[in-house]
Amino acid sequence: TLFPYTTLFRSLLTGLYFMELCLAGLFFLVRDAKEHAACRAQGIIMIIAVGFTALFHYDLGHRN
């Protein structure tokens, strides 16, 4: 493999997935005075970050 510490990166990525999903959930829970979602854009950005993390994880596992 290209990375000598593949197990380390996979463990870190698992923690990163958990952190990103929890943070996205917290962003979607934030409400303003009128009970509207106040941080919807930040939650969407975190969902996109999960997608990029998944692409990196896939690439890490499929390198020659």
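Sequential numbering from 1 along the given sequence is applied to the chain's residues.
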Considering all heavy atoms of both residues, which atom of [X] and which atom of [Y] are nearest to each other, and what is their separation?
| X | Y | answer |
| --- | --- | --- |
| G43 | A24 | O-CB, 4.0 Å |
| F27 | C39 | O-CB, 3.5 Å |
| Y17 | V50 | CE2-O, 4.2 Å |

Within one Ile-Leu-Val-Met-Phe-Trp-Tyr cluster: [X] and [Y], side-chain cutoff 4.5 Å:
| X | Y | result |
| --- | --- | --- |
| F56 | M19 | yes |
| F52 | I44 | yes |
| F9 | L16 | yes |

What's the separation between atom [atom1] in [X] and atom [atom2] in [Y], rounded to the nearest 0.5 Å?
| X | Y | atom1 | atom2 | value |
| --- | --- | --- | --- | --- |
| L26 | L21 | CG | CG | 11.0 Å |
| H57 | L55 | NE2 | CG | 11.5 Å |
| L12 | T53 | CG | OG1 | 11.5 Å |

Heavy atoms of other groups near R40 CZ, more than 12 under 6.0 Å: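 No, the 6.0 Å shell around CZ holds no more than 12 heavy atoms from other groups.
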
Under the side chain to side chain donor-acceptor pair (under 3.5 Å) test, which residues partner D59, sequence neighbours left out? R63

I want to check something: taking the side chain as every heavy atom from C-beta on, are I47 and F28 in contact at a cut-off of under 4.5 Å?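 They are in side-chain contact.
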
